[in-house]
Number of protein chains: 2
Amino acid sequence: MTILRSPRLADGSGRGIPDATVARLPVYLRALNSLAEQGVLSCASNELAEQAGVNPAKLRKDLSYLGSYGTRGVGYDVEYLRYQIAREMGQTQDWDVVIVGVGNLGSALSAYQGFSARGIRVAALVDADPQRVGTVVSDIVVSSVDELEAIVAERKIAIGVIATPGTAAQEVADRLVAAGITSILNFAPAIVQVPDGVDVRKVDLSIELQILAYHEQRKTGTTSTTSKEVIA
Amino acid sequence: MTILRSPRLADGSGRGIPDATVARLPVYLRALNSLAEQGVLSCASNELAEQAGVNPAKLRKDLSYLGSYGTRGVGYDVEYLRYQIAREMGQTQDWDVVIVGVGNLGSALSAYQGFSARGIRVAALVDADPQRVGTVVSDIVVSSVDELEAIVAERKIAIGVIATPGTAAQEVADRLVAAGITSILNFAPAIVQVPDGVDVRKVDLSIELQILAYHEQRKTGTTSTTSKEVIA
DNA sequence: GTCTGTGAATTCATTCACAGCC
DNA sequence: GGCTGTGAATGAATTCACAGAC
């Protein structure tokens, strides 16, 4: 699901947070926002961990990679911690993304509430289908994929989202990379190859369901011992 | 992104495949299907690994958990391996899913091509909004969420998909569990609590983008050394 | 010679358990 | 007394490297 180098201590700044921790920080952020909305000013690792669905020791270790932002005997100041995590995640600036492919999924993504609160701005939509170019989706005029390079350059877009059919994914990825994009979120059912230095994350809806089906199978006792034949 | 117990050797059948491997098997399956379509009959671990975007040693170790389905000095028979993985993943039967929430995302999911080829069948759509109940989405009549329990029982649905706003997620999860469902895929931006024995996988679109933004930030040299202040 | 299958080595992640501070 | 922060211990996942089958 992830293809990323892990630069633990590989750069000058010396920070280097484990990948697994980075993947959880947004979850903590969400939990903190929710607490803040409820007017909670301070919380202990237990409470925050429960909100986030993780074990408290893991939460504390994760936070320890950022610094010592809690108070022993007391807990964490909700607003202060929220700010520190947001800063570490780069949410003190907005990130512009381009979505390639405005089918069902691309449209759903562009309509997704909650990007804006997390420093994500859908800056452009592009599609290869001339029928769709010029139409308006979520208040954005769909551009032709031919303009991809120009759009990326002009709007300083850093992140590309692929929401095309699987067959188009590699070509789109190549064009995104050629346009200078170094972070790609791929929803298409295909593995895309990219040069070093480009990060790709992949979300595959049917894979998630297949993983659940596997566990479900094991629970319901359809225990396929070596050579049990097809049932349905 | 995942909350699952790992039952390595915890059951009678003695199989027990690592979670990380289970998550990759569908990827291999996809790569094998693609090779089969191209008329390839046999392939070595290197080729398959490249298609799947993993290191060849990892691929071989993953496959070794299923059994010895390759031939030394030769490689793997595409069709045979494909069948073995499909069987292990439970794809020799169809899995019925119910999607709760027929907004943009729920609609996109119900229209998703490629479920059927992977043993996933969208058996029902439900929504809480009376305006949507009775409408037809992807050839399925949307039912009221009040009928959830009846639908699950009648159609023997094993997997529930939550595609509601975050605020409704916990209630929907509770109802799915009460209806007897033990596998949930949660797209809502909220952590849901479920009893032991219920598997939940979570996909959060904005979290994936936030993770990319973090790495992007580190690449573009916005190196936030402890106390460097906001730039944009 | 080729390529699989797998123990051993390594790297990464989680959890424990407690010292240190409030 | 309560709760954080973190070394040390455990557990999982990845990668190496090579014996063994073809």
Side-chain angles (χ1 to χ4, degrees), chain A residues 1-10 15-25 27-28 32 35 40-78 80-81 84-85 88 211, chain B residues 1-10 15-25 27-28 32 35 40-78 80-81 84-85 88 211:
Chain A
M1 210 177 314
T2 316
I3 305 169
L4 291 173
R5 330 115 307 140
S6 62
R8 187 69 49 91
L9 285 164
R15 193 50 39 89
I17 298 173
D19 285 348
T21 296
V22 170
R24 281 186 297 264
L25 290 178
V27 178
Y28 302 155
L32 286 166
L35 289 173
V40 178
L41 298 177
S42 167
C43 71
S45 63
N46 293 22
E47 313 165 50
L48 188 52
E50 192 182 354
Q51 284 269 329
V54 304
N55 156 327
K58 181 148 65 179
L59 171 78
R60 293 202 302 277
K61 173 132 290 198
D62 283 342
L63 296 182
S64 79
Y65 292 116
L66 312 190
S68 294
Y69 296 134
T71 311
R72 289 164 199 241
V74 179
Y76 302 91
D77 179 280
V78 170
Y80 181 58
L81 183 58
Q84 293 300 341
I85 298 177
E88 192 69 39
I211 295 169
Chain B
M1 212 178 313
T2 315
I3 306 167
L4 291 172
R5 332 112 309 140
S6 62
R8 187 68 47 90
L9 285 165
R15 193 49 42 87
I17 298 173
D19 285 348
T21 296
V22 171
R24 282 186 297 264
L25 291 178
V27 178
Y28 303 154
L32 286 166
L35 289 173
V40 178
L41 298 177
S42 166
C43 71
S45 63
N46 293 21
E47 313 164 50
L48 188 52
E50 191 183 354
Q51 285 269 328
V54 304
N55 157 325
K58 181 148 64 180
L59 170 77
R60 292 202 303 277
K61 173 132 294 197
D62 282 343
L63 295 183
S64 78
Y65 292 116
L66 311 191
S68 295
Y69 297 133
T71 311
R72 291 167 198 239
V74 178
Y76 300 91
D77 180 279
V78 170
Y80 180 60
L81 183 59
Q84 293 300 340
I85 298 177
E88 191 69 38
I211 296 169

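Hydrogens, waters and symmetry mates are skipped; everything else that's a heavy atom, side chains included, is used. Residue numbering restarts at 1 for every chain, and letters A, B, ... go by the order of the sequence lines. As the structure is a computational prediction, the values presented were derived from the model and not from experiment.
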First locate atom OG1 of A:Thr71, then atom CG of A:Asp77, and finally report the distance between them rounded to the nearest 0.5 Å.
-> 8.0 Å
For residues 41-52 of chain B, which side-chain donor-acceptor pairs fall under 3.5 Å, sequence neighbours excluded?
| residue | atom | partner | partner atom | Å |
| --- | --- | --- | --- | --- |
| B:Ser42 | OG | B:Tyr76 | O | 3.4 |
| B:Ser45 | OG | B:Arg60 | NH1 | 3.2 |
| B:Glu47 | OE2 | B:Ala44 | N | 3.0 |

Working to the nearest 0.5 Å, report the span between CG of B:Leu32 and CG of B:Leu81.
-> 5.0 Å
Would you kindly give the OH-to-C1' distance between A:Tyr65 and D:dG5, to the nearest whole Å?
-> 12 Å
Going 5' to 3' along nucleotides 15-22 of chain D, which nucleotides have protein heavy atoms under 4.0 Å from the base (write B), which only from the sugar-phosphate (write S), and which from neither (write -)?
-> B-B-BBBS
Counting side-chain heavy atoms from C-beta on, which of C:dC3, D:dG5, D:dT4 comes nearest to B:Ala44?
-> C:dC3
Starting at atom CD1 of B:Ile17, determine the distance to atom C1' of D:dA13, rounded to an integer number of angstrom.
-> 15 Å
Can you find a heavy atom in the side chain of A:Tyr28 that is under 4.5 Å from one in the side chain of A:Val54?
-> yes
Starting at atom CG of B:Asp19, determine the distance to atom P of D:dT14, rounded to an integer number of angstrom.
-> 11 Å
Does a nitrogen or oxygen in the side chain of B:Tyr69 sit under 4.0 Å from OP1 or OP2 of C:dC3?
-> no
Taking CG from A:Asp62 and P from C:dC12, how many angstroms apart are they, rounded to a whole number?
-> 16 Å
Atom CG of A:Leu59 and atom C1' of C:dT15: how far apart are they, to the nearest Å?
-> 13 Å
Residue list, salt bridge (charged side-chain N to carboxylate O under 4.0 Å, His left out) with A:Arg24, at least two apart or on another chain = A:Asp62
Enter the distance from B:Leu66:CG to B:Thr21:OG1 here, rounded to the nearest 0.5 Å.
-> 8.5 Å
From CD of A:Glu47 across to C1' of D:dT4 the rounded distance in Å is 13 Å
Length of the line joining B:Leu48:CG and C:dC3:P, which is rounded to integer Å = 14 Å
Taken to the nearest whole Å, CZ/A:Arg24 to P/C:dA13 is 9 Å
